[in-house]
Amino acid sequence: MTGIGAAFKLEPKYPEVPYEEKARLFAEIKADARYDDYLYGCYECGICVAACPSARYYDFSPRRIAQAAAREDVELIFEQIQEDIWDCSQCFSCLRCPRGNNPGGIITIMREVAVNNGLDSAREALKGYTRIIYKIMSTGTQVSPDMLQADAFPDWGPTVAATSENLELWRRALPPDTHHTTKTGWQISTKTLVELYLIWHKTGALDLISELDEGLHSLLEEVMEDLLEEEGYEL
Ligand code: SF4
Ligand code: SF4
């Protein structure tokens with residue numbers, strides 16, 4: 001290669017894979033029982049884009065997702081699995097599609113296929129959420145405000161450090177008294193926690209974690225198995 005092309009040779013953003021592999025991933029997406037209910041073609045009207053919060057902040061469009069699926073564009077769908085689908089906030093404002101499509105739902109399926117296949121894009125997208133996943137899956141409850149610390153969320157950028165330093169102050173500025181603490185989380189009963197652990201074991205949700213992060217999987221498995229054994233369950 002010569003001239004400008006040689007000087008500015010772009011590295012591919014993700015590893016190239018054979019077309020057959022891309023087609024296999026798309027076939028897995030289409031085989032999902034929800035798929036036919038989420039896609040009825042596309043008018044290209046852009047209503048979903050106007051409603052989509054992520055489209056305002058990222059180079060992202062639910063219309064592109066619906067169009068790629070409607071046209072069965074295997075190459076584009078593979079590209080979207082690598083990047084676009086991780087920009088969706090899963091708010092489902094795009095459900096106002098006049099064609100009856102559910103672009104957010106198609107994205108849910110695409111994400112599940114990415115996770116199930118242990119794709120690097122899924123690993124990369126979930127890297128910053130390890131502590132959140134651990135907290136939610138081990139305690140059955142939400143992330144509490146005191147977890148908002150810079151070292152826990154390096155991917156949230158520099159503002160998280162300033163926010164975490166003044167967290168007590170920010171909380172006290174909120175009108176309801178119940179929001180003034182940084183420590184409160186819902187209390188989950190042992191019975192509920194056992195049910196959640198069993199669901200995550202039986203549905204394969206825990207196995208999905210092992211595809212993405214073996215260290216996190218071991219930690220979760222240890223916590224869950226200890227409680228399940230205490231409560232008389234053998235896995
Ligand atoms: S679910 Fe995703 S695609 Fe749909 S409106 Fe929300 S952010 Fe946009
Ligand atoms: S709102 Fe529906 S029909 Fe219109 S562009 Fe979006 S997906 Fe297509």
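Whatever order the structure lists ligands and atoms in, that order sets their numbers, starting from 1.
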> Could you check whether any side-chain heavy atom of Leu220 comes within less than 4.5 Å of a side-chain heavy atom of Ser138, counting everything from C-beta outward?
yes
> Please determine, by modelled atom types, if Gln82 and Asp120 share a side-chain donor-acceptor pair under 3.5 angstrom.
no
> For the pair Asn101 (side chain) and Tyr40 (backbone), establish whether a donor and an acceptor sit closer than 3.5 Å, ignoring hydrogens and angles.
yes
> Closer than 4.0 Å to some heavy atom of Ser89 - which atoms of ligand 1 meet that?
2 (Fe), 7 (S)
> In terms of residue, atom name and distance, what is the protein heavy atom nearest to atom 3 (S) of ligand 2?
Tyr43 N, 3.2 Å
> For ligand 1, which atoms, with element, lie under 4.0 Å from some heavy atom of Phe92?
1 (S), 6 (Fe)
> By number and element, which atoms of ligand 1 are closer than 4.0 Å to a non-hydrogen atom of Gly104?
1 (S)
> Which atoms of ligand 1 have any heavy atom of Ser54 under 4.0 Å away?
7 (S)
> Look at Lys127 together with Glu124 and state whether they make a salt bridge at an N to O cut-off of under 4.0 Å.
yes
> Applying a strict 4.0 Å limit to heavy atoms, is Ala51 in contact with ligand 1?
no
> Taking heavy atoms and a distance under 4.0 Å, where does Ala66 meet ligand 2: side chain, backbone, both or neither?
side chain
> Numbering the atoms of ligand 2 from 1, which are under 4.0 Å from a heavy atom of Asn101?
2 (Fe), 7 (S)
> What is the closest protein heavy atom to atom 4 (Fe) of ligand 2, and at what distance does it sit?
Cys45 SG, 2.2 Å
> To the nearest 0.5 angstrom, please state how far the CG atom of Asp37 sits from the CG atom of Asp32.
11.0 Å
> List ligand 2 atoms under 4.0 Å from Pro98, heavy atoms only on the residue side.
1 (S)
> Provide, to 0.1 Å, the distance between atom 6 (Fe) of ligand 1 and the closest protein heavy atom, together with that atom's residue and name.
Cys91 SG, 2.4 Å
> Identify the closest protein heavy atom to atom 1 (S) of ligand 2: which residue and atom is it, and at what distance?
Cys48 N, 3.3 Å
> For the pair Glu112 and Arg34, find out whether any cationic side-chain nitrogen is under 4.0 Å from an anionic carboxylate oxygen.
yes
> Does ligand 2 have a heavy atom under 4.0 Å from the side chain of Glu44, from its backbone, from both, or from neither?
backbone
> Closer than 4.0 angstrom, basic N to acidic O: yes or no for Glu72 and Lys30?
yes
> Among Arg64, Arg63, Arg71, whose salt bridge (Lys or Arg N to Asp or Glu O under 4.0 Å) with Glu44 holds?
Arg71
> Counting heavy atoms only, name the option from Pro103, Ala55, Cys94, Cys88 that's nearest to atom 5 (S) of ligand 1.
Cys94
> Say you draw a straight line from CH2 of Trp86 to CZ of Phe60; how long is it, rounded to the nearest 0.5 Å?
12.0 Å
> By number and element, which atoms of ligand 2 are closer than 4.0 Å to a non-hydrogen atom of Cys97?
1 (S), 2 (Fe), 3 (S), 7 (S)
> For the residue pair Thr190 and Glu231, confirm or rule out a side-chain donor-acceptor distance under 3.5 Å.
no
> Applying a strict 4.0 Å limit to heavy atoms, is Pro62 in contact with ligand 2?
no
> Do me a favour and list the nearest non-hydrogen protein atom to atom 8 (Fe) of ligand 2 with residue, atom name and distance?
Cys42 SG, 2.3 Å
> Check Arg24 with Glu20, please: is the shortest side-chain N to carboxylate O separation under 4.0 Å?
no
